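Both ligands and their constituent atoms are indexed starting at 1 by order of listing. Everything numeric in this text was worked out from a predicted model, so none of it was measured. Throughout, residue positions are numbered sequentially from 1 according to the sequence presented.
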Amino acid sequence: MYIVSTQIEHVLHESRRFAPSEEFSKLARVKSKAEYEAMYKESIDNPEAFWAKAAEELHWFKKWDRVLNDDKPPFYKWFEGGQTNLSYNCLDRHLTTWRKNKAAIIWEGEPYGQRQILTYRELHRQVCKFANVLKALGVSKGDRVAIYMPMIPDLAIAMLACARIGAPHSIIFGGFSAAALVDRINDAGASMVITADGGYRRGAVVELKKAVDEALGKCPSVRKVVVAQRTHTPVQMVHGRDIWWHEAMENASDVCPAEPLDAEHPLYILYTSGSTGKPKGILHTTGGYMVGTYYTSKYVFDLREEDTYWCTADIGWVTGHSYIVYGILANGATSIMYEGAPNFPTPDRFWQIIERYHVNVFYTAPTAIRAFSRWGDGWPARNDLSSLRLLGTVGEPINPEAWMWYHTHIGGGRCPIVDTWWQTETGAIMITTLPGANETKPGSAGLPFFGIKPAIVDEDGKEVDNSHSGLLVVQKPWPAMLRTLYGDDERYDEVYWSKYKKQNWYFTGDGAYQDKNGYYMIIGRIDDVINVSGHRLGTMEIESALVSHPMVAEAAVVGYPHDLKGQGVCAFVSVPVGNTPGEKDKEALREHVAKEIGAIAKPDIIRFTDALPKTRSGKIMRRLLRDIAAGRDTTGDTTTLEDFTVLAKLREDQEA
Ligand code: PRX
């Protein structure tokens, strides 16, 4: 199913390089290339000693017996025998220091003027109270809790409370629909859902509780629903099942010691798209994930005690889990959390926030940067961005033009940009450019982080040379790696490890190449996953949503290059013979997909066709559809195509 490595095109020829200023390097944790190289070498030559040293910076109730247990690949265990608690390390650890009254979370609501600052002490108090609420409502260690909330402090409180008592959370992005909730809640067998009456998005209210109500008819495992009050939208409370957050908190005790948990105790499940229909429940565990996110936050964002750090992701995605909450708070840093859209009410909302809080480190996505650059240079120019010292990007390859715009208009030409390559599965940043140590190169993720051993190989596992692209693998286990797919060890093994079974390498699903300095350039997914605005969507998921509509006989979904989103969704849809669908039907299908999955999955383009190009064995030839969607000529092999007229017809329609 994968494209052979030599066919992955790489066309980027970028020679610009940007070195960090002397002033930046002098104060950075890693100050030079030589220092990076020495630390990297140490981490690869002796990973166990390296990671043990990193872990020792954090609190353990009981020290581990063994740093890495690799007896049964791909089921690795880190810090085996150790006991810790991530909520403790994010909160309690700081309370005995001067950080007690430091801002942990600075929250800004979408409606103007709504702000809240939670110090470490206050956040700890709220988390303890909510952990007691969870316990009182029957949640015990090991029980799964689904969280479906807007970007409000209660979301971070709920996560940290779950982590405190050892109840794995499963956060479902607030943009997903009721139908998407059903699958995720049932797969995890969650006994509780934490939600809110609604959330704000571009001035409108997203009715979260309503979606939960709609879903729960099909979720027999859920016994309790806790509802935070955010928008004061009228909601129906089901007697005996639904409880208001504020009422439950009223009398809850603020004393709740963190539970000592085994290092491999499940911390959370996060669903992500794969190349088959069913979303995959990525399982992360406590100790390794904690060390990985803590250490990457410290070195990649070069966090300093006085920094105000802002990651603009939604906590519903892994970026928010690792780099708004866990990794950042474990470092005792100040994390900004913004509820709303970047362009509400004006396209400079982000820049206003940077000015207001004197943000120093800013982490966002290429899709947002492309949108900002479209909205015009005038918007950032209106605000004082001089507090910024470091910028970051994540989620998809950044095109050099967007990189340069970010560098010039946001970074004022002085801030290093750390491009960070990683995945929901990897838990923490894997490839990046340590800001004080290494030169950055627009469009390139950079070099491996400590302890990470990536390689670019061909189908047979042979390393390709610098002039070729190939498949990106990781050759050694790392602490923050996923441990399995929830409840499906077999699929975990199949999806990530079967391709290079002999070697025990992790297969990322990405194509990449390296330049002569060893910098990694990520080309993107080579499987049936599309990356829309930095969000992963499985083509199969969208196809199943489409075919569940009575109008549709068959559907094939592919990605195509999209100026703003990186990739757009193009759906080729065939309808039963005799039907002649029109524009209205396209809109109906778009709405249907939004209902089944969420608005992010709506196809940008829908093309009705009589038939889809297939191989003789009946497999849809997506490669050809990708070419058509991108307006490219087909260069690859078409000899297995069953009916050439189908292809010709699609091309004709394209030209018409
Ligand atoms: O294709 C890569 C792309 O996003 C995928 C992972 O998506 P997800 O699990 O949703 O996590 C996104 C946030 C960590 C990868 O397989 N990707 C992520 N970061 C980059 C990237 N592609 C290029 N450059 C990046 N910095």
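- Between L482 and Y506 the shortest heavy-atom distance is CD2-CE1, 4.1 Å.
- At the top of the distance list for atom 9 (O) of ligand 1, counting protein heavy atoms only, stands T424 OG1, 2.6 Å.
- Nearest protein heavy-atom neighbour of atom 23 (C) of ligand 1: P397 N, 3.1 Å.
- Less than 4.0 angstrom separates some heavy atom of V394 from each of these atoms of ligand 1: 13 (C), 14 (C).
- Counting only heavy atoms of the protein, atom 7 (O) of ligand 1 lies nearest to R536 CD, 3.0 Å.
- Looking at ligand 1, you won't find any N or O of T319 less than 3.5 Å from one of its N or O atoms.
- Using a 4.0 angstrom heavy-atom cutoff, G509 does not count as in contact with ligand 1.
- When non-hydrogen atoms are compared, ligand 1 lies under 4.0 Å from neither the backbone nor the side chain of I398.
- Of the heavy atoms in Q423, both backbone and side-chain atoms come closer than 4.0 Å to ligand 1.
- Annotation for ligand 1: atoms under 4.0 Å from non-hydrogen atoms of T420 are 19 (N), 20 (C), 25 (C), 26 (N).
- Atoms of ligand 1 lying under 4.0 Å from any heavy atom of D419, numbered from 1 in the order shown and given with element: 25 (C), 26 (N).
- For the pair R491 and Y486, the NZ or CZ position fails the cation-pi test of under 6.0 Å to the six-membered ring centre and within 45 degrees of the ring normal.
- For G174 against L208, the heavy-atom pair with the smallest separation is O-CD2, 3.6 Å.
- Heavy-atom proximity to atom 25 (C) of ligand 1, evaluated over E425, E396, K280, is greatest for E396.
- Close contacts of ligand 1 with I522, meaning ligand atoms under 4.0 Å from a residue heavy atom, involve 22 (N), 23 (C).
- Residues Y271 and K278 bring no donor and acceptor atom of their side chains to less than 3.5 Å of each other.
- The two residues P454 and Y40 make their nearest non-hydrogen contact at CD-OH, 4.2 Å.
- The shortest N or O to N or O distance between R525 and ligand 1 is below 3.5 Å.
- Among all non-hydrogen protein atoms, the one lying nearest atom 3 (C) of ligand 1 is G395 O, 3.3 Å.
- Ranking protein heavy atoms by distance to atom 2 (C) of ligand 1, first place goes to D510 OD2, 3.0 Å.
- Residue T285 is tested with E264, K77, H265 for a side chain to side chain donor-acceptor pair (under 3.5 Å); the sole match is E264.
- When each atom of ligand 1 is checked for a heavy atom of N531 under 4.0 Å away, the hits are 3 (C), 4 (O).
- A cation-pi contact links R184 to F176, judged by a cut-off of 6.0 Å to the six-membered ring centre and 45° from its axis.
- With ring centers used as reference points, W317 lies under 6.0 Å from F173.
- Y299 and T432 share no side-chain donor-acceptor pair at under 3.5 Å.
- Without hydrogens or angle criteria, S322 side chain to T293 main chain gives no donor-acceptor distance under 3.5 Å.
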